[in-house]
Amino acid sequence: MSNAQLTLIIIGMFLVTYSVRTVLFASAHKAHIPDWLNKALKFVPISVLTAIIAPMSLTNANGLLLTLFNPWLVGALTCLVVGLFFQRQLLTICVGVMVFFVMKVFVVA
């Protein structure tokens, strides 16, 4: 592909993305979201994050890996416990990352 073709593809993708978002944002003030849908939409980030993290922490390249030598699983379980007890997001992330790296460096290596 030539540079001109790549440039045209990028410009085309920009125009499609920009036009769709402009139409949606321009008419967003007219739309009314029901309360039940608004409550349901609050669970979308949690669901997406779970869908990303669960396969990563429960499997490896060979398949299911449910052992305490799996640093991803131990880090995720640590995050779950810290998050439930302290309910502090930054603390949960920091402790989970530290446990993961300790496991990765000292236990798995």
Side-chain angles (χ1 to χ4, degrees):
M1 241 187 250
S2 69
N3 286 340
Q5 289 174 325
L6 287 174
T7 304
L8 287 174
I9 289 172
I10 291 172
I11 291 172
M13 290 188 304
F14 165 76
L15 290 174
V16 169
T17 304
Y18 185 77
S19 61
V20 168
R21 290 184 183 192
T22 301
V23 168
L24 292 175
F25 284 134
S27 62
H29 68 283
K30 299 176 188 173
H32 174 70
I33 299 176
D35 289 335
W36 63 269
L37 182 59
N38 201 15
K39 288 179 184 175
L41 288 175
K42 292 182 181 181
F43 293 103
V44 170
I46 297 168
S47 302
V48 170
L49 188 60
T50 302
I52 293 170
I53 291 175
M56 183 174 59
S57 55
L58 297 175
T59 61
N60 66 0
N62 300 326
L64 192 63
L65 183 63
L66 297 175
T67 68
L68 291 178
F69 295 106
N70 179 357
W72 296 96
L73 179 61
V74 175
L77 292 175
T78 304
C79 284
L80 177 68
V81 171
V82 171
L84 287 174
F85 280 113
F86 296 104
Q87 296 183 357
R88 300 277 184 233
Q89 192 172 19
L90 185 60
L91 176 67
T92 302
I93 293 169
C94 290
V95 170
V97 169
M98 284 190 298
V99 168
F100 169 76
F101 279 117
V102 167
M103 287 285 298
K104 193 81 167 162
V105 170
F106 294 112
V107 177
V108 178

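Here the structure is a predicted model, which is why all the values come from computation and not from measurement. These values consider heavy atoms only, across backbone and side chains, with no hydrogens, waters or symmetry-generated copies. Quick note: residue numbers are just sequence positions, from 1.
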Quiz: residues 60-76 side-chain donor-acceptor pairs under 3.5 angstrom, not counting sequence neighbours:
residue : atom : partner : partner atom : Å
N60     : OD1  : N62     : N            : 2.9
N60     : OD1  : G63     : N            : 3.1
T67     : OG1  : F69     : N            : 3.3
N70     : OD1  : W72     : N            : 3.1
N70     : ND2  : S57     : O            : 3.0
N70     : ND2  : L65     : O            : 3.0

Exercise. Is N38 atom CG crowded by more than 12 heavy atoms from other residues, nucleotides or ligands, each under 6.0 Å away?
Worked result: yes
For this session: May I ask whether L58 and V107 are part of the same hydrophobic cluster, defined by side-chain heavy atoms of I, L, V, M, F, W, Y residues being less than 4.5 angstrom apart, directly or through others?
Result: no
Check residues 40-53 and write down every donor-acceptor pair under 3.5 Å in which the side-chain atom is one partner and the other belongs to a residue at least two apart or another chain.
residue : atom : partner : partner atom : Å
S47     : OG   : F43     : O            : 2.9
T50     : OG1  : I46     : O            : 2.8

For this session: Please name all residues satisfying ring pair (Phe, Tyr, Trp, His ring centres under 6.0 Å) with F85, sequence neighbours left out, ordered by chain then number.
Result: none
Mind listing the side-chain donor-acceptor pairs of residues 88-102 below 3.5 Å, one per line with the distance, residues two or more places apart or on another chain?
residue : atom : partner : partner atom : Å
T92     : OG1  : R88     : O            : 2.7

Problem set entry | Any donor-acceptor N/O pair, S19 side chain to V16 backbone, under 3.5 Å | yes
Problem set entry | ILVMFWY clustering at 4.5 Å (side-chain atoms), partners of L84 | L80
Exercise. To the nearest 0.5 Å, how far apart are CG in N3 and CE in M1?
Worked result: 11.5 Å
For this session: Please answer: with hydrophobic residues joined when any side-chain heavy atoms are less than 4.5 Å apart, are I33 and W36 in the same cluster?
Result: yes
Exercise. Which other residues belong to the hydrophobic cluster containing L8, where Ile, Leu, Val, Met, Phe, Trp and Tyr are joined when side-chain heavy atoms lie under 4.5 Å apart, directly or via other members?
Worked result: none
